[in-house]
There are 2 protein chains.
Amino acid sequence: MTIRDVAALAGVSVGTASRVLSGNSATSPAARERVRVAAEKLGYRPDARARALRSTRSHAVGLLVSDVRNPFFADIAHGAEQAALASSYVTLLANANEDTAQQDTYLEAFLTQRVDGIIVAPQGEGGGNLRAVERARTPLVFVDRTVDGFDVPSVTADNAQGIELAVAHLAALGHTRVGYIGGPSSVSTGRARHEAYLAAVARHGLDDDAELVTVGDFRSASGAAATAKLLAGRRPPTALLAADSLMAVGALGEVRRQGRRIGADVALVALDDIELFRELDPPLTVVAHDARALGERAMRLLLDVIDGRPAASQVLPMRLVVRESSTGRSGR
Amino acid sequence: MTIRDVAALAGVSVGTASRVLSGNSATSPAARERVRVAAEKLGYRPDARARALRSTRSHAVGLLVSDVRNPFFADIAHGAEQAALASSYVTLLANANEDTAQQDTYLEAFLTQRVDGIIVAPQGEGGGNLRAVERARTPLVFVDRTVDGFDVPSVTADNAQGIELAVAHLAALGHTRVGYIGGPSSVSTGRARHEAYLAAVARHGLDDDAELVTVGDFRSASGAAATAKLLAGRRPPTALLAADSLMAVGALGEVRRQGRRIGADVALVALDDIELFRELDPPLTVVAHDARALGERAMRLLLDVIDGRPAASQVLPMRLVVRESSTGRSGR
DNA sequence: TTGTATGCGTTATCAT
DNA sequence: ATGATAACGCATACAA
């Protein structure tokens with residue numbers, strides 16, 4: 001089932017059939033009609049690979065997120081995908097699973113598939129196939145995270161501002177010991193948020209006890225472990241600040257298991273908002289990004305790069321959403 | 001940067017270079033070494049499109065989920081992806097967003113990309129491009145859901161058993177009025193679970209009041225709306241059964257907004273388990289599937305179909321996980 | 001406007 | 001074991 005079959009049935013040459021089907025050049029109304037009918041009757045569908053091979057444009061872009069099971073990245077993916085669809089690009093979504101090796105595997109796949117461009121929420125030192133993407137001159141955009149030493153346009157959140165909002169909020173409530181559940185230093189957001197935490201603690205004159213700082217991996221189990229460690233300290237924190245939503249989930253469970261109550265016994269603020277956090281009892285105070293906007297903008301930025309338009313990095317603001325997990329105004 | 005460049009640098013013909021790079025036929029150790037070195041030096045990466053065009057095997061499979069932002073489908077995707085990787089297939093993940101039009105858009109994309117096979121969690125009546133996939137004879141597997149009138153191997157959960165477990169559990173606790181928050185009838189799991197609910201209610205002699213049955217769309221807002229309706233009835237239910245996790249989330253929020261407490265004032269059981277449900281206060285009683293296993297098995301089934309091996313549909317059991325949202329043994 | 005012929009990068013066939 | 005060459009399905013330059 002190729003374009004030859006369509007051309008034969010329509011009684012025209014493959015050239016004419018091709019022109020009609022790709023909707024480009026000049027064709028007669030008569031030919032147009034006959035080709036369309038023939039294609040319809042045969043259920044013909046052009047071979048995107050052959051088309052791309054010939055025209056050096058695949059109309060496909062790769063999107064590599066760190067963890068699809070993290071609602072934050074699922075939202076990014078959703079936003080990016082919708083934006084791509086609006087420009088009739090298909091998105092190939094891949095999942096690095098917070099694993100540098102899998103990141104390389106999928107970058108490799110994108111490269112061999114000859115996608116028109118790649119969006120990635122990167123991790124690691126920027127070795128491996130990120131350099132290969134650069135060498136291949138495949139248009140590249142970072143989303144949420146960046147990697148030092150890469151001159152790549154990016155769409156990120158203002159992590160420093162977000163952390164400052166959270167710490168200021170807790171300080172205003174009278175907390176002096178804020179336990180920090182941080183992300184891995186192998187990820188730019190992990191580093192940025194950690195530094196911002198230290199700066200904010202200093203700025204607001206809070207305890208800068210090293211015992212108050214823990215490190216997780218942006219997954220819930222590590223959040224639980226970090227919380228256990230924090231609460232077991234000699235002078236446990238009165239408030240917890242989790243650097244991402246999954247670790248906040250872990251913290252939630254650990255606090256409950258220790259027979260304490262979020263809001264009443266210990267305050268909790270999470271970075272990243274997920275729908276569910278609104279519905280909890282008590283609802284969670286968060287520093288929110290618009291993940292969907294992050295994805296949309298990253299995709300539009302990528303399409304700009306692909307089409308040779310100027311592309312400048314963007315930093316989106318975060319905003320504090322105060323709910324009862326920090327104010328303690330629970331219904332109890 | 002093509003295989004010709006590699007061949008030239010290695011001082012061999014393109015034929016030999018191709019043979020070495022695809023690792024297939026007989027090649028001399030000397031040629032192997034020279035080609036590998038040349039490819040390495042040039043940073044050569046084969047063009048998957050050209051390769052697929054010639055060999056009629058793309059080593060890519062399409063996975064179309066109903067909603068990536070639903071953790072259940074994110075887990076399915078993760079399981080499928082890992083299984084594909086183990087057989088060195090790349091997974092193209094697409095998101096139908098619970099929308100039949102988008103489902104068709106991505107099926108179309110898969111077809112034009114000439115993927116080797118497709119896994120889909122389908123919705124709708126099975127018109128549109130599902131038929132086109134069938135006509136194109138592209139290997140197809142359903143996961144989680146099915147569509148009537150399609151003879152397609154599938155991996156699904158035993159919905160009837162799951163609902164029965166939940167209703168039996170609630171009945172044993174003495175509930176006679178169980179409010180049901182159902183899924184859309186356009187989805188097979190929505191229909192199966194609704195029927196199972198009716199059957200289980202009859203079997204256990206519970207109230208079969210029509211007022212106790214509501215319909216949502218597998219998203220949280222609809223769960224909240226359904227809950228509001230149920231609780232506003234003349235004789236409100238003492239227990240709620242939500243047909244998926246997102247609608248359970250909506251129920252959670254609505255109950256809280258009405259000043260009632262899950263577990264103490266009204267029991268809640270959800271179908272689908274998500275990590276977060278364990279960590280809630282109170283933890284949620286669920287009827288769980290192993291979403292990851294669902295994805296893995298669907299992928300292995302698809303690879304069986306692709307390779308012409310026999311492929312039989314599988315139904316995976318669900319299991320009841322009792323937590324405090326139904327027993328009311330909350331810490332309060 | 002239409003047809004013919006060439007090439008995209010690769011693998012497969014057929015020689016040698 | 002290796003080289004030369006055709007073919008995969010399509011778009012396009014060129015000729016008509």
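Sequence lines set the chain letters: A, B, ... in the order given, protein chains first and strands last, and positions in each chain run from 1. Because the structure is a prediction, the values reported are computed rather than measured.
Both B/Pro29 and B/Thr56 lie close to DNA chain D; mapped to their nearest nucleotides by heavy-atom distance, the more 5′-ward contact belongs to B/Pro29. Comparing B/Gly15 and B/Ala50 along DNA chain C, the residue whose closest nucleotide (by nearest heavy atom) sits nearer the 5' end is B/Ala50. Toward the 5′ end of DNA chain C lies the nearest nucleotide of A/Ala26, the other residue of the pair B/Ala48 and A/Ala26 mapping further downstream.
In this model, no side-chain donor or acceptor of A/Arg49 finds a partner on the base of C/dG9 within 3.5 Å. Between the base of D/dG3 and the side chain of B/Arg19 there is a donor-acceptor pair shorter than 3.5 Å.
One interatomic measurement links the two molecules: CG of A/Leu21 to C1' of D/dA11, which rounds to 11 Å at whole-angstrom precision. Regarding B/Ile3, its CD1 atom lies at a distance of 6 Å from the C1' atom of C/dT10, rounded to whole Å. Computed from coordinates, the B/Asp5 CG to C/dT10 C1' distance equals 13 Å when rounded to whole Å. A/Asp47 places its CG atom 16 Å from the P atom of C/dG9, with the value rounded to the nearest Å. The distance between atom NE2 of B/His59 and atom P of C/dT10, rounded to the nearest whole Å, is 17 Å. Taking atom CZ of B/Arg57 as the reference point, atom C1' of C/dA12 lies 16 Å away to the nearest angstrom. Nucleotide C/dT10 holds its P atom 12 Å from the CZ atom of B/Arg45, rounded to whole Å. In this structure, CZ of A/Arg34 is placed 10 Å from P of C/dT2, rounded to the nearest angstrom.
At D/dG3, one or more side-chain N or O atoms of B/Thr16 fall inside 4.0 Å of OP1 or OP2 (strictly under the cut-off). Contact check, A/Ser13 against C/dT4: no side-chain N or O comes under 4.0 Å of OP1 or OP2. Remark: A/Ser28 is in phosphate contact with C/dT2, judged by side-chain N or O atoms under 4.0 Å from OP1 or OP2. Of the side-chain N and O atoms in A/Thr2, none sit less than 4.0 angstrom from OP1 or OP2 of D/dC8. Residue B/Arg51 has a polar side-chain atom (N or O) positioned under 4.0 Å from OP1 or OP2 of C/dT11.
For the residue pair B/Arg51 / B/Ser22, no side-chain donor-acceptor distance below 3.5 Å is found, with atom types taken as modelled.
Here A/Thr27 lies in heavy-atom contact (under 4.0 Å) with sugar-phosphate atoms only. Contact annotation for A/Ala31: backbone-only contact, meaning every heavy-atom pair under 4.0 Å involves sugar-phosphate atoms and none involves a base. Here A/Arg4 lies out of heavy-atom contact (under 4.0 Å) with every strand.
Annotation for B/Arg4: atom CZ does not count as buried by contact number, only 12 or fewer foreign heavy atoms lying within 6.0 Å. Atom CZ of A/Arg309 has more than 12 neighbouring heavy atoms from other residues, nucleotides or ligands inside a 6.0 Å radius.
The ring pair (Phe, Tyr, Trp, His ring centres under 6.0 Å) pairs that include a residue from residues 67-96 of chain B are B/His59-B/Tyr89, B/Phe72-B/His289, where partners are two or more places apart or lie in different chains.
A salt bridge links B/Glu296 with B/Arg292: the distance from a Lys NZ or Arg NE/NH1/NH2 to an Asp or Glu carboxylate oxygen falls below 4.0 Å.
Here C/dT11 is the nucleotide among C/dT11, C/dG3, C/dC8 with the atom lying nearest to any side-chain atom of B/Ser22.
Formation of a donor-acceptor pair under 3.5 Å by the B/Asp116 side chain with backbone atoms of B/Ser58 is found in this model.
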